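Below: the structure, in structure tokens.
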Amino acid sequence: MEETWLWLKYLILGIVQGATEPIPVSSSGHLIVAQRLLGVDQAGLTFEILTNTASLLAIMFIYRHDIGRLIRGSWTYMRTRDAAYKSDFMFALYVVIGTIPAVVIGLLFKDWIEATFSSVKTVAIALLFTGLALWLIRNMRGRKQDGDLKFRDALLVGLAQAVALIPGVSRSGSTVIASIATGMKQDTALRFSFMLYIPISLGAIVLGLPDIVEASDAPGMLLPYVLAFFAALIVTYFAMKWFMGIMAKGNLKYFSYYCFVVGILLLIFL
């Protein structure tokens, strides 16, 4: 019975990861709260990397055509300097630029940030902050498309992504908010946000592989981790599809309400 309950806990954690990774409510914050409620002291780095990998695979599958186009277009432009492919090359270049702030700050301060801010109170305050930001940009309708982005846009969105290293601050929320605030259209903002997610997640996976190899609890936790992985993979796919529909309709205000309600409840009860 105890073993079954352990499996169920990790299945729930995988579902929480998958449901909250794509949407602007902070997957890291929800996992902290879920672990607290389920009595899981710390799911572990292996769990974090595996579930993030699952979410990454789901999002890469959804954006597979955009990824393929950007790679082909960038490579063709570098070889031929054909103006028809310059937009793809510049978009890919801005993804690289937007990735740099989070990489630098993460490498230098990630452990300190997690040790200092990994509390339910921090998550609550971060959710309230995210809710306020979502409310402020709820009616913005930008005009910038993929080919209209500038260095300043990429840097500002990259800095917003770095802020999301604080547990409770949504990565997708911060980057989507910053993208819309710089004047991007909804679909461009969403695409740029999740193109930034890919290199950051790939880097985290590569850096975490040695820790997975050395993890002493990995063999005994194989089934719980497998359950969490596939739960995160499947749920991320459907959550991302749902969020794309929400973005197309411009209904971010509902996530603002959610962040306000959950943030206040956490401050009161946890």
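Heavy atoms only: backbone and side chains are in, while hydrogens, waters and symmetry mates are out. Every value quoted in this text rests on a predicted model; they were computed, and no experiment measured them.
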Distance-only donor-acceptor hits, side chain of residues 156-166, under 3.5 Å, sequence neighbours excluded:
unit_1 : atom_1 : unit_2 : atom_2 : d
Q161   : OE1    : R171   : NH1    : 2.8

Could you give the side-chain donor-acceptor pairs of residues 245-258 under 3.5 Å, partners two or more places apart or in another chain?
unit_1 : atom_1 : unit_2 : atom_2 : d
S256   : OG     : G131   : O      : 2.7
Y258   : OH     : H30    : NE2    : 2.8

Contacts under 3.5 angstrom, residues 180-190 side chains, donor-acceptor by atom type, not counting sequence neighbours:
unit_1 : atom_1 : unit_2 : atom_2 : d
T182   : OG1    : A178   : O      : 3.4
T182   : OG1    : S179   : O      : 2.7
T188   : OG1    : D146   : OD1    : 3.3

Please table the atom pairs, donor to acceptor, closer than 3.5 Å between any side-chain atom in residues 96-104 and protein atoms at least two apart or in another chain.
unit_1 : atom_1 : unit_2 : atom_2 : d
T99    : OG1    : V95    : O      : 2.7

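Considering OG1 of T53 and CD1 of I205, their distance stands at 3.0 Å, rounded to 0.5 Å. The CG atom of L196 sits 10.5 Å away from atom OG of S201, with the distance rounded to the nearest 0.5 Å. To the nearest 0.5 Å, atom CD1 of residue I62 and atom CZ of residue R64 are 9.0 Å apart. To the nearest 0.5 Å, the span separating CG on L37 from CD1 on I32 amounts to 12.0 Å. Taken from CG in L11 to CG in L6, the straight-line distance is 11.5 Å, to the nearest 0.5 Å. To the nearest 0.5 Å, the span separating CZ on F243 from OG1 on T236 amounts to 13.5 Å.
Here side chain to side chain donor-acceptor pair (under 3.5 Å) pairs that include residues 122-136, with residues two or more places apart or in two chains, are S119-T122. Counting only residues at least two apart or on different chains, the salt bridge (Lys or Arg N to Asp or Glu O under 4.0 Å) pairs with a member in residues 149-162 are K144-D153. Listed by first and then second residue, the side chain to side chain donor-acceptor pair (under 3.5 Å) pairs involving residues 70-94 are R69-D88 (not counting sequence neighbours).
A228 and Y10 make their closest contact through CB-O, 3.3 Å (heavy atoms, listed as atom of the first residue, atom of the second, distance). Across all their heavy atoms, P224 and W7 have their closest contact at CG-CD1, 3.6 Å. Listed here is the closest heavy atom pair of T51 and A232: O-CB, 4.0 Å. Taking all atoms of both residues into account, the shortest heavy-atom contact from Y197 to L56 is OH-N, 3.5 Å. A pairwise comparison of heavy atoms in I67 and M60 identifies CD1-O, 3.9 Å as the closest pair.
Judged as a side-chain contact (heavy atoms from CB on, under 4.5 Å), and not counting sequence neighbours, the contacts of V235 are I15, A19. Remark: L266 pairs with V33, V120, V123, A124, L127, V262, L270 by the side-chain contact (heavy atoms from CB on, under 4.5 Å) rule, at least two apart or across chains. Not counting sequence neighbours, R36 has no partner by the salt bridge (Lys or Arg N to Asp or Glu O under 4.0 Å) test. Partners of S172 by side chain to side chain donor-acceptor pair (under 3.5 Å), not counting sequence neighbours, listed by chain and number: S170. Considering only residues two or more places apart in sequence or on other chains, A126 meets the side-chain contact (heavy atoms from CB on, under 4.5 Å) condition with V169.
Using bins of under 30°, 30° to 60° and over 60° for the plane-to-plane angle, the ring pair F192/F91 lands in the perpendicular bin.
Residues L70 and M195 are in side-chain contact: their nearest non-hydrogen atoms beyond the backbone lie under 4.5 Å apart. Looking only at side-chain heavy atoms (C-beta outward), L134 and P24 come within less than 4.5 Å of each other. At least one side-chain heavy atom of F229 sits under 4.5 Å from a side-chain heavy atom of L57.
Judged purely by atom type and a 3.5 angstrom limit, K9 uses its side chain to pair as donor or acceptor with the backbone of L38. Side-chain atoms of Q17 do not come within 3.5 Å of backbone N or O of L13 as any donor-acceptor pair.
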